[in-house]
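Quick notes on the structure that follows.
Please read these numbers as outputs of a predicted model, since none were measured by experiment. In what follows, chains are A, B, ... by sequence order, proteins preceding strands, each numbered from 1.
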Amino acid sequence: MNKFKEISRTARKKWDQLQSSAIPIIYLGTASCGRAAGAKDVHEAIKRYLKDNKLQARIIEVGCIGPCYLEPLMDIRLPHSPRISYANVTPEKARRIIESLLINGNPQVQMALGHFGENGDKLIEGIPRFYDLPMLKSQVRIVLRNCGLIDPEDIDHYIANAGYAGFLQALEKGPEGVIAEVKDAGLRGRGGAGFPTHKKWETCRNAPGNIKYMICNADEGDPGAFMNRSLIEGDPHCVLEGLLIAAYAIGASHGYIYIRAEYPLAIVRLKKAISQMRAYGLIGKNILNSGFDFDITIKEGAGAFVCGEETALIASIEGKRGMPKSRPPFPAISGLHGKPTIINNVETLGTLPNILRNGAAWYRQYGTPGNYGTKTFSLVGKIRRSGLIEVPLGTPLRQIIFDIGGGSNKQFKAVQTGGPSGGCLSEEFLDTPVDYESLGAAGSIMGSGGLIVMDEDTCVVDVARYFLDFTQKESCGKCSPCRVGSGHLVEILDRITKGRGLPEDLIKLQTLGETIKRGSLCGLGQTAPNPVLTTLRYFRSEYLNHIKEKNCPAAVCKELIEYRVIPEKCTGCRGCVAVCPTGAITGPRSEPHNLDPTKCIKCRACYEVCRFDAIAGDAIIIRSRRRIHDDHTA
Amino acid sequence: MVDKYKEIFDEFSGEAGDLIPILQKIQNKCGYISDDAIRSISPFLRISDNQIYGVASFYSQFRFTEPGRNSIKVCMGTACHMKGGHILGEAVERELKVKPGQTTEDKRFDFQRVACLGCCALAPVVQINNDIRSRMTVIRLKQLLDKYE
């Protein structure tokens with residue numbers, strides 16, 4: 001314990017020195033999303049520029065702070081000044097900002113996004129506070145509190161920010177005390193189902209046997225969700241501290257982190273973090289002289305959505321095909337290698353240090369009765385401000401989509417919560433509070449936290465087909481309603497999107513969907529039909545459009561649309577002619593071009609060229625065939 | 001034949017739970033899981049070829065054909081789908097005359113459709129080798145492919 005006090009003191013000192021650094025500090029968001037947006041090129045450019053100009057500055061790579069649509073993000077902190085954030089940085093822009101700030105002391109107010117100043121910092125006029133930006137204002141960052149602010153590869157940064165203080169609290173309280181605290185906090189599993197965390201733990205703790213296992217489920221398989229990836233990349237220690245606390249509470253001496261192989265950076269960061277824990281004696285035998293032994297093994301998933309299900313995940317760790325088993329016995333009684341096992345989601349674990357550190361009463365001030373605390377979401381799709389957010393449970397969908405996300409560029413149509421297992425909710429549900437029960441009542445689920453926003457250009461039939469195609473491919477094959485039934489759902493939906501749907505298809509979809517839900521063993525099959533059933537309920541007219549009028553109102557379904565050149569708008573720049581792979585577009589320069597629909601394969605190249613590179617900008621349109629027909633007859 | 005994988009086997013104790021990590025290491029080293037590899041694992045873990053193939057084929061990560069010099073992964077996640085990920089997939093098929101899971105005849109590229117790369121806010125994304133490219137368009141993808149040999 002004394003050794004840890006010494007470690008904390010040193011970490012705190014190191015952090016304070018960084019905060020009062022005499023040389024400028026450049027923070028660069030280099031999580032996966034930052035990298036995808038080009039942060040690595042920016043990093044190289046900054047290093048070269050500093051070297052060429054003999055400028056002194058320290059570069060710190062940080063995780064994702066949330067507004068992914070503004071990536072790459074670069075923050076600069078000059079001595080005695082607040083940290084200032086700049087968005088959509090390119091190598092050239094980074095050079096300009098650094099030159100202006102480091103050489104001339106000019107913060108380039110018009111390019112700045114926000115500052116991180118506290119009261120008392122010398123503030124800069126014209127730059128808003130970062131946390132007052134519309135996307136961040138109504139967020140409550142508990143799990144994500146360190147993401148984007150600390151160096152995720154430096155355990156001292158984490159410790160200096162009250163890291164492992166929750167674990168120390170846990171050791172003081174003892175295992176039963178930890179379970180009581182978590183019960184008091186009302187924490188429910190953040191993986192999707194919302195089962196009370198302490199109940200699982202109690203069962204496992206009271207189960208007979210000396211060997212127990214604690215597993216962190218980081219197999220974030222929902223397409224469209226990346227909360228867990230961002231958290232591990234931005235603050236791996238908070239998940240690991242949570243794992244320690246949970247293991248201590250249930251009496252496990254060995255832990256596993258089951259993580260998707262598609263997240264290489266997160267795996268690297270976890271491995272580094274674990275070796276740092278080892279060096280500080282936070283893992284291994286007799287941790288901090290408490291008599292508690294614990295060690296962690298990282299297991300890389302091999303690409304199977306169903307392995308997010310507890311029993312399938314266990315089968316996968318045991319080296320088998322990831323197929324779920326019937327329950328009971330529940331893993332808390334008989335799990336990995338037949339021993340009592342607890343599986344908690346990344347976010348559940350990331351919440352634990354905060355509850356232990358600040359107490360259950362503090363945690364319960366967020367959220368609503370029965371749904372305490374916060375939840376992270378990945379806000380994506382047809383939305384202006386996409387990214388990673390954290391809000392108190394009970395926040396209405398409208399506030400999340402419009403206040404935080406800024407709404408869609410076009411008319412909002414629907415939001416899918418809970419990924420492929422969730423439902424598609426229409427506009428009238430926008431005032432639904434986001435909690436486990438309200439979303440369930442609307443026919444959807446909370447799920448792990450993917451929020452996919454759709455606008456008028458999204459076809460819900462196509463989206464339903466997409467989700468079913470996904471779950472059907474990911475079905476493990478054990479239960480025939482799921483294996484065969486979801487295949488039939490895809491077939492019917494596919495037919496409808498191709499304009500070959502029949503009126504009786506709607507009844508078939510409904511009964512088949514309900515049968516699959518009833519007849520499947522695990523969560524995958526029990527929820528797979530949700531996207532079809534909810535869209536049938538809330539967007540029936542769109543199905544009827546496809547079936548009766550062979551019309552896709554959103555102009556998405558390939559067989560039901562056509563590409564057209566608007567002669568009045570076409571300037572004859574030949575941009576589209578050059579990119580058309582089939583020679584469907586012809587015409588001399590400076591004259592409106594002609595598009596032959598019989599040759600067109602709808603590859604979208606001409607549409608992109610016209611929108612982004614041509615003078616006309618919108619001379620090529622994608623319309624539903626039906627609408628073109630109606631326009632002609634009108 | 002066995003020597004090729006001995007280095008990998010040495011890291012493991014030979015329990016059933018080692019199968020997936022061993023397959024992953026072999027794929028990392030050789031690029032794919034060959035018949036040869038499966039035959040070598042069998043005596044080491046004392047399970048049949050069939051069982052090994054059964055596990056390996058269950059998981060989408062494992063491939064059983066030789067990869068190309070470059071690998072293209074087109075993201076089929078929800079956000080990418082809504083922003084035209086499937087159209088990018090079709091563009092790759094057309095440009096390189098290759099189907100998902102295949103390698104081009106000249107071994108220049110192999111092509112896969114993947115579930116979600118986790119960069120949904122920057123959709124649609126494509127991964128070529130280790131680089132994830134965001135906000136991809138059909139035209140930029142074509143230009144990008146030309147840069148790889």
Gap separating the CG atom of L88(B) from the CZ atom of R604(A), nearest 0.5 angstrom = 7.0 Å
Structural part of F470(A) lying under 4.5 Å from a heavy atom of chain B = side chain
Over 12 foreign heavy atoms within 6.0 Å of NZ, K25(B) = no
Measure distances from V609(A) to the heavy atoms of chain B and classify the residue's part below 4.5 Å as side chain, backbone, both or neither.
-> both
F62(B) to A302(A) - nearest heavy-atom pair and separation = CE1-CB, 3.7 Å
I601(A), part contacting chain B, at a heavy-atom distance under 4.5 Å | side chain
Non-hydrogen atoms of chain B under 4.5 Å away: do they reach the side chain of I317(A), the backbone, both or neither?
-> backbone
K299(A) side chain vs G17(B) backbone, donor-acceptor pair below 3.5 Å = yes
Top residue by heavy-atom pair count (under 4.5 Å) with chain B, among G301(A), P264(A), S230(A)?
-> G301(A)
Spacing of C120(B) atom SG and L388(A) atom CG [to the nearest 0.5 Å] = 10.5 Å
E105(B) atom CD: more than 12 heavy-atom contacts under 6.0 Å = no
Looking at H337(A), E262(A), K382(A), R35(A), which one has more heavy-atom pairs under 4.5 Å with chain B than the rest?
-> K382(A)
So what's closer than 4.5 Å to chain B heavy atoms on F467(A): side chain, backbone, both or neither?
-> side chain
By a 4.5 Å heavy-atom criterion (distance strictly below it), what part of A91(B) contacts chain A: side chain, backbone, both, or neither?
-> neither
Could I get the full list of side chain to side chain donor-acceptor pair (under 3.5 Å) partners for N130(B), not counting sequence neighbours?
-> none
Answer key: most heavy-atom pairs under 4.5 Å with chain B among E474(A), E318(A), R385(A) is E318(A)
N/O donor to acceptor pairs below 3.5 angstrom from side-chain atoms of residues 142-149 of chain B, sequence neighbours left out:
| unit_1 | atom_1 | unit_2 | atom_2 | d |
| --- | --- | --- | --- | --- |
| Y148(B) | OH | R133(B) | NH2 | 3.3 |

side-chain contact (heavy atoms from CB on, under 4.5 Å) between I452(A) and M82(B): does it pass, once the steps are laid out?
-> CA-CA 9 Å; I452(A) 293 139; M82(B) 279 169 46; 3.4 Å; yes
Ignoring hydrogens and geometry, is there a side-chain-to-backbone donor-acceptor pair from Q61(B) to A304(A) under 3.5 Å?
-> no
Which answer fits A123(B), side chain, backbone, both or neither, if we ask what part of it has an atom under 4.5 Å from a heavy atom of chain A?
-> neither
At their closest point, which heavy atom of P223(A) faces which heavy atom of T78(B), and how far apart are they?
-> O-OG1, 2.7 Å
Answer with side chain, backbone, both or neither: which region of A31(A) has an atom nearer than 4.5 Å to a non-hydrogen atom of chain B?
-> neither
With a 4.5 angstrom heavy-atom cut-off, which part of C307(A) approaches chain B: side chain, backbone, both or neither?
-> side chain
Tell me, do F58(B) and M323(A) make a side-chain contact under 4.5 Å, heavy atoms counted?
-> yes
Applying side chain to side chain donor-acceptor pair (under 3.5 Å), name anything that partners S316(A), two or more places apart in sequence or on another chain.
-> Y258(A), Y59(B)
Heavy atoms only: give me the nearest A37(A)-S134(B) pair and the separation to one decimal.
-> CA-OG, 3.8 Å
Okay, side chain of Y69(A), backbone of A121(B): is any donor-acceptor separation there less than 3.5 Å?
-> no
Does anything in residues 42-57 of chain B get under 4.5 Å of chain A by heavy atoms, and if so which residues?
-> G54(B), V55(B), S57(B)
Basic-acidic side-chain contact under 4.0 Å: K558(A), E90(B) = yes
Nearest heavy-atom neighbours spanning T137(B) and E608(A) = CB-OE1, 3.1 Å
I87(B) versus chain A, heavy atoms under 4.5 Å apart: side chain, backbone, both or neither?
-> side chain
Quick one: what part of K473(A) sits under 4.5 Å from any heavy atom of chain B, side chain, backbone, both or neither?
-> side chain
May I ask you to check whether over 12 heavy atoms, not counting those of K410(A), lie within 6.0 Å of atom NZ?
-> no
Quick one: of G84(B), P21(B), G77(B), A79(B), who has the most non-hydrogen atom pairs under 4.5 Å with chain A?
-> G77(B)
Which portion of M454(A) sits near chain B, non-hydrogen atoms under 4.5 angstrom | both
Given that the side chain runs from C-beta out, which part of E300(A) has a heavy atom under 4.5 Å from chain B: side chain, backbone, both or neither?
-> both
With chain B, which of G322(A), A261(A), C33(A) has the greatest number of heavy-atom pairs at distances under 4.5 Å?
-> G322(A)
Output the option from V125(B), D18(B), I20(B), L117(B) having the highest count of non-hydrogen pairs under 4.5 Å with chain A.
-> I20(B)
Could you look at S32(A) and say if it's the side chain, the backbone, both or neither that has a heavy atom under 4.5 Å from chain B?
-> both
So which of E220(A), K602(A), R260(A) has the biggest tally of heavy-atom pairs under 4.5 Å with chain B?
-> R260(A)
Would you call D462(A) and H81(B) a side-chain contact if the rule is heavy atoms closer than 4.5 Å?
-> yes
To the nearest 0.5 Å, tell me how far C119(B) SG sits from R229(A) CZ.
-> 5.0 Å
Please report the shortest heavy-atom distance between C116(B) and D222(A), naming the atom on each side.
-> SG-O, 4.4 Å
